Protein chains: 2
Amino acid sequence: MAEMNASHKCATCPTRHKTEWSGLSEAELAAIEKVKSARYYEPGEVLFHQGDANDGVYCIQDGLVGSRYVDAEGNSALLQLANAGTTIGYRSFLTKLPHGSSAEILSPSFVCFIRSSALSKLLIANPQIGERFLQHAIKDMEDIEIRLARSLLGNLRNKFLHVIMVFYQQNGYRDKNNNPIVELPIKRTDIAEMIGSKPESISRVISDIEKKGLLKFDHRRVHITNMDAILYEVGITL
Amino acid sequence: MAEMNASHKCATCPTRHKTEWSGLSEAELAAIEKVKSARYYEPGEVLFHQGDANDGVYCIQDGLVGSRYVDAEGNSALLQLANAGTTIGYRSFLTKLPHGSSAEILSPSFVCFIRSSALSKLLIANPQIGERFLQHAIKDMEDIEIRLARSLLGNLRNKFLHVIMVFYQQNGYRDKNNNPIVELPIKRTDIAEMIGSKPESISRVISDIEKKGLLKFDHRRVHITNMDAILYEVGITL
DNA sequence: ATTGCACATTGACTTTTGTCATGCAGACGA
DNA sequence: TCGTCTGCATGACAAAAGTCAATGTGCAAT
């Protein structure tokens, strides 16, 4: 993932169809092409910091980016993960307020950047991009609302299983024996920060879940050995 | 609050300036007036149920409405509170998906209703209403994101104090001696459901907080006796 | 191959929160 | 005024999760 291609033009971007920039004309793409910049990022790099003013939006062509919130005591939480095809930073672009959380590279990523001033012009010329931002906002909102509901209602084990299943929906595959497998894109500490917990507790939950035969962990590779039980426990709704 | 007035026309609605319907022309208001219905609700009544299809949006003229999510085991959580001037149900109107949570009356309320079919026509004729929904969505999102962050990072006491301070910002006032006071609009059990806890734990947190001299509880009336300490503990940011 | 390092696990213990049972007080209708 | 009901508080105990310390493990650089 995220290896350097020959070119990174929007017109040939493999993930553009999943973004707010799908369905634009050749001329519009060319306009974006002229004002955008793009580069490869290493894990740990930061696209923008919590509290910074908005300078534009970032479109993730490949990789994984987390939005991390740090409170006054220095405790941090991962509020959201954004993968290929996701545009981030649009919220503070629209509100003109500072970023509420940092955007931190979690996996090697290739990310494009469109400066606010250029984006404002694009929005005036193409009102349908605004409509796409509304759709995006609503999708994000449902996502966050589910997280909130689970964080209010579930125990550690339930929340952890949910995270695993979300990763499975995004990245999961089946091996030659048709057994479901998912590679976790982030480390234990970050999983803990997604559900408001600590890495030690994650370890304990993992060994408990393995003992019960629901999952089998091999470092970041997870074999889902009892899908039904997990789906039942996680709950189908929401 | 929420007593029956002589009339409940949008044109004279005291809370309209806070809603998506502000800034509409006389003719547009008259159009809404023709298609809307409105009535008074008692606590416990439900505007729509989790899982129901969307039939329109509800505009709260006066009172308090909570969106309650219930999981498979029957545990419930209050995800959001909506007070006067707030329009709810717009999300599933826009996505055409079922409601993710119920809307339950928490205080006596007067609520207007605009059917989907009529609202669709209004939106076509008045694109700026769509823009207002985007603003509303973003505001809701920031609200939920704060809740999520606190729910991931904070302990019970911190989350409880935050809820109190939110109520204070909305409803708080000062007595003759200039001491800050807030009347809690909901009971302990519902506060517990807002922060993923139980009423007994809320009681304990309250007696602890009283012992420390931060707040003084008289049933639902709360005297804020050490504002600085509370603001420090809750944290100014986000 | 060896060392160093970041990540992960495990154990012992503490703290926080939930659970269950009980009692009390204010609100309301008969 | 009397019972009844709901909300609230408290005590005793159980369960869940965090903390601190020690140890293990794979990986990369030398």
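Proteins come first, then strands; the chains are lettered A, B, ... in the order of their sequence lines, and each starts at number 1. Given the structure is predicted, the values throughout are model-derived calculations rather than measurements.
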(request) Would you give a per-nucleotide map of nucleotides 5-11 of chain C, 5' to 3', where B means the base has a protein non-hydrogen atom under 4.0 Å away, S means only the sugar-phosphate does, and - means neither? (result) --SSBBB
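Shown for residues 152-160 of chain B: residues whose heavy atoms fall under 4.0 angstrom of DNA chain C, namely B:Asn155, B:Leu156.
For C:dT19, the OP1/OP2 oxygens have a side-chain nitrogen or oxygen of B:Lys198 closer than 4.0 Å.
Looking at residues two or more places apart in sequence or on another chain, you find no salt bridge (charged side-chain N to carboxylate O under 4.0 Å, His left out) involving A:Glu20. The ring-ring contact (aromatic ring centres under 6.0 Å, His included) check on B:Phe167 picks up nothing, with sequence neighbours excluded. Applying the salt bridge (charged side-chain N to carboxylate O under 4.0 Å, His left out) test to A:Arg221 and every residue at least two apart in sequence or in another chain returns A:Glu183.
Ring planes of B:His99 and B:Phe48: parallel class, angle under 30° (limits at 30 and 60°).
The CZ-P distance, from B:Arg221 to C:dG26, rounds to 15 Å in whole Å. Rounded to a whole Å, the CD1 atom of B:Ile209 is 15 Å from the C1' atom of D:dA9.
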Only distances under 3.5 Å count here; give the side-chain donor-acceptor pairs of residues 205-218 of chain B to other protein atoms, sequence neighbours excluded, each with its distance to 0.1 Å.
from	atom 1	to	atom 2	distance (Å)
B:Ser207	OG	B:Ser203	O	3.3
B:Ser207	OG	B:Arg204	O	3.0
B:Asp208	OD1	B:Lys212	NZ	3.1
B:Asp208	OD2	B:Arg157	NH1	2.9
B:Glu210	OE2	B:Phe217	N	2.6

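For CZ of B:Arg115, the number of neighbouring non-hydrogen atoms (other residues, nucleotides, ligands) closer than 6.0 Å is 12 at most.
You'll find the side chain of A:Lys187 reaches within 4.5 Å of the side chain of A:Arg220, heavy atoms only.
Between A:Phe110 and A:Tyr40, the gap from one ring centroid to the other reaches at least 6.0 Å.
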